[in-house]
**Student:** 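Dropping the structure in here first, questions after.
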Amino acid sequence: MKGKVLAVLAETIDEIGKHKRLGGPAYYSSLTLLSLGAEFDALLTGNVMRTVLEYSGYTVNTFCGHPTTFRFISTEPRLLRLLNRCFNNIRGLPSEDYEVALISLTMGEAPLTDIDTVAKRTETLIIDAQGFVRDVGEDGVVFNNKELAAKLFQAGADMQERGTTVVIKASHDELPHPSSVERFIESGGILIVTRGGESVTLSTKLGCWLTRPPQVIGDPTGAGDVMLAALTAYLASGYDIRRSLLLGVAAGSIRLAKKEPPWILWSEIESLARRLRLVECDSIGDSAYI
């Protein structure tokens, strides 16, 4: 049975040289949910995707009216400078409850304490760590702050102990000290760790599994947002976390090979997912084997 999704997503403008590009989870994740036919309500920053989704018949509210803007200093390695940030409390939530909620921000557009507000309205809460672990130096350059990461994992463990299933997706360089990770997993939390295009691990209290994405050449922008949105859609449709992860990884890989917008079909995701498999690994996948 298909359940309803709440998507709390940030819109961004990326300045790359003289060009500006619409991006962020509000763009990539909401278009993925739309193209997969997910039943969802959206709570966004920015107004571009609000217009698109409302035109398509979805319920959309905004809790901050402008996008967060980054300037690309370099693409390899990826270095960003924050130009301006949307920030506000999460407000405008529809009055119903949801099977799954996805919070995918880019630069702390909402305070960490507000995730409790969303957690109370859903059975499963999926959080992209990116939106809560980033900090800026005096020069405005964005970096990952391990203290902020520890606070996120602590909040996830607390919510898990209060009865909401919490899934945190983080890249390997967004993780806090292992003790914070271990407490989150021991509380029953679910952790997904990405390592570029090399591997993705799934860690739970019951064990750890790893998959290697197919090697696809293309623009990686938005691939993580597409992966997480597809995983959310499959969880809401009744798939378990292990199967949903494989399907999400397949969707993210397809994004690399597609031009925008990232329209993705169930059939092509499931076709590619047949090439993927999960194998056992250690607690966070740092010594994983195939």
Side-chain angles (χ1 to χ4, degrees), residues 5 7 9-14 16 19 21-36 38 49 67-68 70 72 74-80 102-107 126-131 133-134 142 144 167-175 191-202 210-235 241 243-278 285:
V5 171
L9 310 171
E11 186 172 280
T12 68
I13 297 294
D14 299 328
I16 306 173
H19 302 284
R21 177 179 65 189
L22 177 68
Y27 179 69
Y28 290 103
S29 296
S30 63
L31 284 181
T32 300
L33 292 170
L34 191 155
S35 65
L36 292 178
M49 289 310 300
T68 297
F70 298 100
F72 276 66
S74 69
T75 55
E76 192 59 43
R78 187 175 185 180
L79 290 176
L80 305 175
L102 167 64
I103 299 181
S104 190
L105 308 179
T106 66
M107 192 70 220
I126 301 171
I127 305 170
D128 191 337
Q130 169 185 263
V133 306
R134 282 176 165 179
V142 176
N144 294 324
V167 181
I168 296 179
K169 175 261 181 186
S171 63
H172 67 283
D173 56 353
E174 292 171 340
L175 295 172
L191 174 63
I192 296 168
V193 178
T194 58
R195 292 171 173 78
E198 296 180 6
S199 66
V200 179
T201 56
L202 171 68
L210 175 146
T211 188
R212 297 196 183 278
Q215 296 300 308
V216 180
I217 298 174
D219 182 3
T221 305
D225 296 328
V226 171
M227 182 200 84
L228 209 53
L231 180 150
T232 299
Y234 279 102
L235 276 179
I241 186 64
R243 180 62 178 160
S244 295
L245 176 64
L246 289 178
L247 292 162
V249 169
S253 299
I254 291 168
R255 160 70 193 108
L256 267 67
K258 286 203 167 200
K259 294 181 179 180
E260 298 182 26
W263 301 113
I264 296 177
L265 303 176
W266 292 81
S267 57
E268 60 184 343
I269 292 174
E270 290 166 5
S271 176
L272 181 56
R274 284 196 286 270
R275 294 168 47 189
L276 306 178
R277 62 193 180 101
L278 288 171

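Hydrogens, waters and symmetry mates are skipped; everything else that's a heavy atom, side chains included, is used. The chain is numbered in sequence order, starting from 1.
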**Student:** When you compare the side chain of L22 with that of E11, does any pair of heavy atoms fall below 4.5 Å?
**Tutor:**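 Answer yes - side chains close enough.
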**Student:** Do the side chains of P25 and D128 get nearer than 4.5 Å, heavy atoms only?
**Tutor:**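 SC-SC contact between D128 and P25 ruled out.
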**Student:** Do V200 and P213 have side-chain heavy atoms sitting under 4.5 Å apart?
**Tutor:**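 Yes. Closest side-chain heavy atoms under 4.5 Å.
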**Student:** Using the test side chain to side chain contact (heavy atoms under 4.5 Å, CB included), find all partners of A233 that sit at least two apart in sequence or belong to another chain.
**Tutor:**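 For A233 the side chain to side chain contact (heavy atoms under 4.5 Å, CB included) partners, ignoring immediate neighbours, are L33, L36, A38.
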**Student:** Could you check K169 against I126 for side chain to side chain contact (heavy atoms under 4.5 Å, CB included), going step by step and ending with a plain yes or no?
**Tutor:** CA-CA 8 Å; K169 175 261 181 186; I126 301 171; 5.6 Å; no
**Student:** Applying side chain to side chain contact (heavy atoms under 4.5 Å, CB included), can you list everything that pairs with S74, at least two apart in sequence or on another chain?
**Tutor:**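 Listed in chain order: P77, L79.
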**Student:** Identify, with sequence neighbours excluded, every residue that meets ring-ring contact (aromatic ring centres under 6.0 Å, His included) alongside Y234.
**Tutor:**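 Only Y239, W266 meet the ring-ring contact (aromatic ring centres under 6.0 Å, His included) criterion with Y234.
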**Student:** Just to verify, what does T12 make a side chain to side chain donor-acceptor pair (under 3.5 Å) with, not counting sequence neighbours?
**Tutor:**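 For T12 there are no side chain to side chain donor-acceptor pair (under 3.5 Å) partners, ignoring immediate neighbours.
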**Student:** Can you see whether F70 has R134 sitting over its ring - NZ or CZ less than 6.0 Å from the centre and within 45° of the normal?
**Tutor:**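 Yes, a cation-pi geometry.
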**Student:** If only atom types and distance count, is the side chain of S35 paired as donor or acceptor with the main-chain N or O of L31 below 3.5 Å?
**Tutor:**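 At least one qualifying donor-acceptor pair exists.
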**Student:** Okay, side chain of T211, backbone of R277: is any donor-acceptor separation there less than 3.5 Å?
**Tutor:**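 The answer is yes, because a donor-acceptor pair under 3.5 Å joins these two groups.
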**Student:** Could you work out, with side chain to side chain donor-acceptor pair (under 3.5 Å) as the rule, every residue matching S244, not counting sequence neighbours?
**Tutor:**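 For S244 there are no side chain to side chain donor-acceptor pair (under 3.5 Å) partners, ignoring immediate neighbours.
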**Student:** S171: which residues meet the side chain to side chain donor-acceptor pair (under 3.5 Å) condition with it, sequence neighbours left out?
**Tutor:**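 S171 satisfies side chain to side chain donor-acceptor pair (under 3.5 Å) with D173, E174 once adjacent residues are dropped.
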**Student:** Among residues at least two apart in sequence or on other chains, which ones pass side chain to side chain contact (heavy atoms under 4.5 Å, CB included) with S30?
**Tutor:**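 Residues passing side chain to side chain contact (heavy atoms under 4.5 Å, CB included) with S30: L9, M49, L53.
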**Student:** Using 0.5 Å steps for rounding, measure from the CD1 atom of I13 to the CZ atom of R21.
**Tutor:**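 Between I13 CD1 and R21 CZ, I get 10.5 Å after rounding to 0.5 Å.
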